Amino acid sequence: MDPRVIELHCIMPLDNIPSVLEHGILSYERAAKLKHHSVAMQPVQDRRDQKQVPGGLKLHQYANLYFHARNPMLFKRKDEAPNLCVLSVSTKVLGLPRTVISDQNAASDYVRFLHPSQWKLLAFDDIYAMDWRHPDDTIEYWRHKARKCAEVLVAERVDPQFLIGAHVLNDVAAVRLGSLGFTLAVKVNPELFFR
């Protein structure tokens, strides 16, 4: 795997942390059965609802993780950053049966779903770029924006044992995260949240 992949990310409302600690990071389908807060955008979820991974499950039957959470999804939710965390997930989930990676946002029309062993097909320079804007090239902006949201799709759920820590915007969020029962390492990382 690319040496930059030291952890995977999941953007999570702080209010969901007690549930995550009990049930793990759930697929959209499983999470719908529990009371929870969502950062999902409905138009994107409508597209995801129509997608099936070739030879695999429906997209909504996977728990989705990002390689890097400083991406268009978190940018759209940057005003909510004080109430969010980015969960750090062990790369060991890449070895779980039925785990799939996507070379861009899994809802994209041009996405490729790959086995984790095909990681070299991902554009990691684009995934880990701090900025995906291309002011002089609209097509490249669209492509880079989609690649920035490359995903790791874990069937049904990510068990809590794979959680290794979290990133938060500030010390206030770190204290709140601890008050919710989160005992793993917490990093205050404003840059991840576009500050």
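Any value given below was found using the heavy atoms of this structure, including those in side chains, with hydrogens, waters and symmetry copies removed. Only a predicted model underlies this, so the values are computations on that prediction, with no experimental measurement involved.
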* Asked: Is it the case that one hydrophobic cluster holds both V20 and V168, taking links as side-chain heavy atoms less than 4.5 Å apart, direct or via other members?
  -> yes
* **Stepwise side-chain contact (heavy atoms from CB on, under 4.5 Å) test for L169 and V188** => CA-CA 6 Å; L169 174 64; V188 174; over 6 Å; no
* To do: Answer yes or no: is there a donor N or O on one side and an acceptor on the other, between the side chain of N170 and the main chain of A173, under 3.5 Å?
  => yes
* Structure fact -> For V175, the other hydrophobic cluster members (4.5 Å side-chain criterion, sorted by chain and number) are none
* To do: Could you tell me whether the side chain of C149 reaches within less than 4.5 Å of the side chain of Y66, counting heavy atoms only?
  => yes
* To do: Please indicate whether K51 has more than 12 foreign heavy atoms, meaning atoms of other residues, nucleotides or ligands, lying under 6.0 Å from its NZ.
  => yes
* To do: Could you check H23 against R30 for side-chain contact (heavy atoms from CB on, under 4.5 Å), going step by step and ending with a plain yes or no?
  => CA-CA 10 Å; H23 303 288; R30 282 193 176 197; over 6 Å; no
* Asked: Is R157 paired with D159 through a side-chain N to carboxylate O contact shorter than 4.0 Å?
  -> yes
* For atom CZ of R176, decide whether the heavy atoms of other residues, nucleotides or ligands shown that lie under 6.0 angstrom number more than 12. => yes
* Closest approach of I6 to P3 (non-hydrogen atoms, all atoms of both residues) -> CG2-O, 3.6 Å
* Tell me, which pairs form a salt bridge (Lys or Arg N to Asp or Glu O under 4.0 Å) where one or both residues lie in residues 180-195, sequence neighbours left out? -> none
* Structure fact -> Heavy-atom nearest pair, S19 first then L34, reads OG-CD1, 3.9 Å
* To do: Assess whether side-chain contact (heavy atoms from CB on, under 4.5 Å) is satisfied between F113 and L153, documenting all intermediate values.
  => CA-CA 9 Å; F113 295 105; L153 304 169; 3.8 Å; yes
* Check for a donor-acceptor pair, side chain of S102 on one end and backbone N or O of R112 on the other, with a separation under 3.5 Å. => no
* For the pair H115 (side chain) and S117 (backbone), establish whether a donor and an acceptor sit closer than 3.5 Å, ignoring hydrogens and angles. => yes
* **Main-chain N/O of E7 paired to T91 side chain as donor or acceptor, under 3.5 Å** => no
* To do: Answer yes or no: are there more than 12 heavy-atom neighbours, outside F75 itself, under 6.0 Å from its atom CZ?
  => no
* To do: Check the pair Y62 / L57 against side-chain contact (heavy atoms from CB on, under 4.5 Å), numbers first and verdict last.
  => CA-CA 7 Å; Y62 290 94; L57 305 171; 3.5 Å; yes
* Are side-chain heavy atoms of L184 and I164 found at a separation under 4.5 Å? -> no
* If only atom types and distance count, is the side chain of E151 paired as donor or acceptor with the main-chain N or O of N64 below 3.5 Å? -> no
* To do: Indicate yes or no: at least one non-hydrogen side-chain atom of I17 is less than 4.5 angstrom from one of L87.
  => yes
* Hey, is the main chain of A69 close enough, under 3.5 Å, to the side chain of H9 for a donor-acceptor pair? -> yes
* Test item: E80 side-chain N/O and R77 main-chain N/O as donor-acceptor pair under 3.5 Å -> no
* May I ask you to say whether R143 pairs ionically with D137, meaning some side-chain N is under 4.0 Å from a carboxylate O? => no
* To do: Using only heavy-atom distances, determine whether the side chains of H144 and Q104 contain a donor-acceptor pair under 3.5 Å.
  => no
* Keeping the roles fixed (side chain from K148, backbone from M73), state whether a donor-acceptor pair exists under 3.5 Å. => no
* Asked: Should D103 and V111 count as side-chain neighbours, where that means a heavy-atom distance under 4.5 Å?
  -> yes
* **ring-ring contact (aromatic ring centres under 6.0 Å, His included) between H68 and Y128, intermediate numbers included** => CA-CA 6 Å; H68 194 224; Y128 286 99; 5.2 Å; yes
* Within a radius of less than 6.0 Å around CZ of R133, do more than 12 heavy atoms belonging to other residues, nucleotides or ligands occur? -> no
* Provide the closest heavy-atom pair for P82 versus L14 in the form atom of the first, atom of the second, distance. => O-CD1, 3.6 Å
* **Centroid-centroid under 6.0 Å between F67 and F124 rings** => yes
* Is the gap between the ring centers of H60 and Y28 under 6.0 Å? -> yes
* Please test R147 against N105 for side chain to side chain donor-acceptor pair (under 3.5 Å), starting from the C-alpha separation and ending with a verdict. => CA-CA 6 Å; R147 289 190 298 257; N105 186 311; over 6 Å; no
* With no hydrogens and no angle check, is any side-chain donor or acceptor of N71 less than 3.5 Å from a backbone partner on L74? -> yes
* Asked: Would you say the side chain of L122 lies within less than 4.5 Å of the side chain of I101, judging by non-hydrogen atoms?
  -> yes
* Asked: Is any side-chain heavy atom of P160 less than 4.5 Å from a side-chain heavy atom of L21?
  -> no
* Decide yes or no for L180 and D15: does some side-chain heavy atom of the first lie under 4.5 Å from some side-chain heavy atom of the second? => no
* Asked: Are F162 and L65 linked, directly or through other ILVMFWY residues, by side chains that come within less than 4.5 angstrom of each other?
  -> yes
